[in-house]
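Working notes for the structure below.
Naming: A, B, ... by sequence-line order, numbering from 1 per chain.
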Protein chains: 2
Amino acid sequence: MKELLRTKGFKSTPQRELIFDCFFSLGKHVSVDELYQKVRELDPSVGHSTVWRNLKLICLLGLAEEVNIGDGITRYDRTTPKPHGHFFCRSCKKLLEFDVGSVMGALVEAAHEFEFEPDGYKIEIQGYCSDCRQDGRTNDVATGSANDERKA
Amino acid sequence: MKELLRTKGFKSTPQRELIFDCFFSLGKHVSVDELYQKVRELDPSVGHSTVWRNLKLICLLGLAEEVNIGDGITRYDRTTPKPHGHFFCRSCKKLLEFDVGSVMGALVEAAHEFEFEPDGYKIEIQGYCSDCRQDGRTNDVATGSANDERKA
DNA sequence: ATTGAAAATGAAAGTCGTTTTCAATTGGCG
DNA sequence: CGCCAATTGAAAACGACTTTCATTTTCAAT
Ligand SMILES: [Mn+2]
Ligand SMILES: [Mn+2]
Ligand SMILES: [Zn+2]
Ligand SMILES: [Zn+2]
């Protein structure tokens, strides 16, 4: 890791090493605050902005990418050899991954038709997972007022 | 439109009618502020929160859905009969639409395997459009410091 | 047409994740 | 070592989104 940083012209610091380690030891789809908490378990002196900046650096190095599921919280997903898709459950907010090998061909072709040079894919399926469906947690048609956003 | 609102239990107001009209007269992928500006051209007394609330209502009625391309600005896209995908150019921020009929089968199947009940699809391909590629606007590997985010 | 309850509006304030600022510290090279 | 740019951390700034609340308006029932 030190090597990768140095070859790219970045310095190695204790905080940086710790943040990188924690990021890769945590699961997928980590938010700044989740990583911040984890880091502070091991070194409470590390600042929030340092975690944020190094998460950005991890992305810059191509080791992770931002994931936006629309809840206002940016999460960071370790880059995988092959692109993968996400199931996002509207009820329990779970984020499951699935293989997208079967659709990549068509997507690459679509990009080619538009003379678009793709370098990233975001494939997300929203809905309800089996757990939540069994508990009867599916949304219903609108009936209230426009002010009633509290059901989201 | 008045009818649709009433059958769903919402009241019809001049502001609401105006906002709905403006939304559908504007192009796709409209942000709150873009719509707000358009509305204020015709009635400068309409408030920001009213535009926001009615945009939410439009979504609630199933006439549009939120689009999040990761720049922190929520945009609203008119619901189309068939789902469509987006090409997002990292350089000029253009958002182009493309047909996803050729991938829906595989996605539905993937969802089925996970016992996931899909009710929305988000398919986005990031990269560079032909215009920007001709102008040599493609990103390069990281070389600066972690603080240098100003290139984004 | 009148009326009253519920919904909608608009200005302002609040929320909250993200990003910047800046002074102090530190890493890495000579 | 000694320098200088990179990095750090606390705090403030930012900005889109959301809520609050007093006032106004709609609309269904008189
Ligand atoms: Mn993932
Ligand atoms: Mn669209
Ligand atoms: Zn669920
Ligand atoms: Zn472009």
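Under the 4.5 Å side-chain heavy-atom criterion for grouping Ile, Leu, Val, Met, Phe, Trp and Tyr, A:I125 is connected to A:Y121 within one hydrophobic cluster.
When atom types are taken as modelled, the side chain of B:T79 and the backbone of B:G62 share a donor-acceptor pair closer than 3.5 angstrom.
Between the CG atom of B:L60 and the P atom of C:dA7 there is a distance of 14 Å, given to the nearest Å. Rounded to an integer number of Å, the gap from CZ of B:R40 to P of C:dT9 is 15 Å. D:dC17 atom P lies 8 Å from atom NZ of B:K56, rounded to whole Å. Here C:dA11 presents its C1' atom at 10 Å from OH of B:Y36, a figure rounded to the nearest Å. Across the protein-nucleic acid pair, A:E3 atom CD and C:dG28 atom C1' stand 15 Å apart, rounded to whole Å. Atom CG in B:L18 sits about 17 Å away from atom P in C:dA8, given to the nearest Å. Taking atom CZ of residue B:F20 and atom P of nucleotide C:dA8, one finds them 10 Å apart after rounding to whole Å.
The shortest distance between side-chain heavy atoms of B:L61 and B:L5 falls below 4.5 Å. Using a 4.5 Å heavy-atom threshold, the side chains of A:Y76 and A:C59 count as touching. Within the 4.5 Å cutoff, the side chain of B:L55 has no heavy atoms near those of the B:T74 side chain. Side-chain atoms of A:K38 and A:V30, non-hydrogen and from C-beta on, never get closer than 4.5 Å to each other. In this structure, the side chains of A:R16 and A:L57 come closer than 4.5 Å at one or more pairs of heavy atoms. B:V108 places none of its side-chain heavy atoms less than 4.5 Å from the side chain of B:P118.
Between B:H86 and B:H29, the ring planes are perpendicular. Angles over 60° get that label, and only those under 30° would be called parallel.
Side-chain atoms of B:T50 lie closest to C:dT9 of the nucleotides C:dT9, D:dC17, D:dG9. Which of D:dC17, D:dG9, D:dT7 sits closest to the side chain of B:W52 comes down to D:dC17.
Among all heavy-atom pairs drawn from B:D43 and B:S45, the shortest one is OD1-OG, 2.6 Å.
Using a 4.0 Å cut-off between a side-chain N of Lys or Arg and a carboxylate O of Asp or Glu, B:E115 and A:R133 do not qualify as a salt bridge.
The phosphate of D:dT8 has neither OP1 nor OP2 within less than 4.0 Å of any side-chain N or O from A:R53. Put simply, B:N54 has no side-chain N or O that comes within less than 4.0 Å of OP1 or OP2 on C:dA8.
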Just the dot-bracket of DNA chain D, please: which string comes out with Watson-Crick or G-U pairs under 3.5 Å, [ ] for crossing, | for another strand?
-> ||||||||||||||||||||||||||||||

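If you find the closest nucleotide of DNA chain D to B:N68 and to A:G47, the one lying nearer the 5' end belongs to A:G47.
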I'd like a list of close polar pairs between nucleotides 11-16 of chain D and the protein, N/O only, cut-off under 3.5 Å.
unit_1	atom_1	unit_2	atom_2	d
D:dA16	O3'	B:G72	O	3.4

Filtered N/O pairs between nucleotides 24-27 of chain D and protein, under 3.5 Å:
unit_1	atom_1	unit_2	atom_2	d
D:dT26	O3'	B:S12	O	3.4
D:dT26	O2	B:K11	NZ	2.7
D:dC27	OP1	B:S12	N	3.0

